Amino acid sequence: PGRVAATRVSEVRARVSGILQERVFEQGTFVKQDDVLYRIDPKLFRVRVASAEASLRRAEATRDNAKVQLARQTTLRERNVASGIDYDTASVNLAQAEADVALQQAALEEAKINLEYTEVRAPISGIIGGALVTEGALVTADGTSSLALIQQIDPVYADFTQSAQDLLALRRAVNDGRLESPAPGQASVELVFDGGDVYGEKGKLLFSSANVDSTTGQVTLRAEFPNPNGDLLPGMYVRVKVEQAVRQDAITVPQ
């Protein structure tokens with residue numbers, strides 16, 4: 001017995017704080033990575049970008065003036081007219097002005113990034129669930145609640161368990177030569193639904209856990225199955241048939 005699980009699960013979260021202005025996506029549909037899902041009111045962030053641009057222009061003007069002053073002091077120094085102190089002061093002022101320009105450039109870049117974050121985008125491709133917030137709600141960057149949940153269901157995982165004693169007996173039989181183990185990655189894995197129908201796509205065994213559940217004595221294994229039509233949904237109960245060993249030269253009889 002096993003359960004189907006999504007291969008990737010991502011919570012959609014706001015990266016800046018603001019009023020949720022619009023929900024763009026349709027609930028329960030497939031979304032691609034970087035698709036816009038929500039829009040947060042961008043007015044305040046546009047103002048911050050404009051303010052950062054103005055601060056950068058002011059810092060650049062101060063730097064240009066410092067360059068002119070340093071060039072003037074350099075000429076006067078070469079003519080032995082100005083003192084070394086005036087030249088050093090002009091050099092320091094230019095260095096400070098260049099640092100201010102770099103600081104304002106970083107502030108402008110941060111403001112632009114925050115403005116881009118007003119468009120909440122899908123972190124992964126997959127099926128998006130229901131909207132967990134509505135338009136007009138206040139969302140925060142440091143909030144613990146998510147805006148929606150995206151699950152990638154092609155392919156999907158099937159997590160199932162097996163008795164640790166059965167698994168150990170199989171390994172011993174393989175080591176003794178009584179059974180043959182399939183080559184790595186070649187084990188046949190099938191899914192069987194409640195009604196007895198077999199899922200049309202073959203899976204591959206990914207791994208078995210390195211520890212045994214102390215309460216059940218079971219080992220957890222995981223297989224991966226293609227799911228192009230979305231027939232397998234996370235949480236679905238299934239049964240797994242896995243070929244873990246082959247008995248050669250065996251005699252079979254009709255059931």
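Residue numbers count from 1 along this sequence. Quick caveat, the model's predicted, so the values are computed rather than measured. Computed from heavy atoms alone, side chains included, the values below leave out hydrogens, waters and symmetry copies.
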Tightest non-hydrogen contact, residues I150 and A122, listed as CD1-CB, 3.8 Å
Between T7 and Q152, is there a donor-acceptor pair closer than 3.5 Å when you use the side chain of the first and the backbone of the second? yes
**Asked** Can you tell if the side chain of L56 reaches within under 4.5 Å of the side chain of Q105, non-hydrogen atoms only?
**Response** yes
task = May I ask you to check whether over 12 heavy atoms, not counting those of Q27, lie within 6.0 Å of atom CD?
result = yes
**Message:** Could you see if L233 belongs to whatever hydrophobic cluster contains F160? Use Ile, Leu, Val, Met, Phe, Trp, Tyr and a side-chain cutoff under 4.5 Å.
**Reply:** yes
Worksheet entry | Single-linkage hydrophobic cluster, 4.5 Å side-chain cutoff, V120 and L115 together | yes
In short, Y199 meets P228 closest at the heavy-atom pair OH-CD, 4.2 Å
CG of D194 to CE of M236, rounded to nearest 0.5 Å, is 9.0 Å
Between the CD atom in E190 and the CZ atom in F225, the distance rounded to the nearest 0.5 Å is 8.0 Å
Value for CG (L94) from CD (Q73), rounded to nearest 0.5 Å, stands at 12.5 Å
When rounded to the nearest 0.5 Å, the distance separating OH of Y38 from CZ of F25 is 3.5 Å
All heavy atoms of F45 vs all of S17, minimum pair found to be CZ-O, 3.4 Å
Salt bridge (Lys or Arg N to Asp or Glu O under 4.0 Å) pairs touching residues 28-40, sequence neighbours excluded, are E22-R39, R39-E119
*So, T62 side chain and R58 main chain: donor-acceptor pair closer than 3.5 Å or not?*
yes
CG of L76 to OH of Y87, rounded to nearest 0.5 Å, is 12.0 Å
Given the options L147, L149, L37, I128 meets side chain to side chain contact (heavy atoms under 4.5 Å, CB included) only with L37
Point to revise | Flag, side chain of T74 to backbone of L70, donor-acceptor distance under 3.5 Å | key: yes
Nearest heavy-atom contact between F30 and S125 is CZ-CB, 4.1 Å
Considering only heavy atoms from C-beta outward, does the side chain of P123 approach that of V12 to under 4.5 Å? yes
* To do: For the pair E11 (side chain) and S146 (backbone), establish whether a donor and an acceptor sit closer than 3.5 Å, ignoring hydrogens and angles.
  => no
Correct closest heavy-atom pair for V189 and K204 would be CG2-C, 4.1 Å
Residues pairing under salt bridge (Lys or Arg N to Asp or Glu O under 4.0 Å) where one sits in residues 128-156, two or more places apart or in two chains, turn out to be none
| message | Can a donor-acceptor pair be found, under 3.5 Å and without considering hydrogens, that links the side chain of T89 to the backbone of I85? | response | yes
Review point. Is any side-chain heavy atom of L232 less than 4.5 Å from a side-chain heavy atom of I153?
Key: no
State whether D159 and R222 are salt-bridged, where the test is any N-O pair (Lys NZ or Arg NE/NH1/NH2 against Asp/Glu carboxylate O) under 4.0 Å. yes
When rounded to the nearest 0.5 Å, the distance separating CZ of R13 from CG of L132 is 10.0 Å
Correct closest heavy-atom pair for V192 and V198 would be CG2-CG2, 4.3 Å
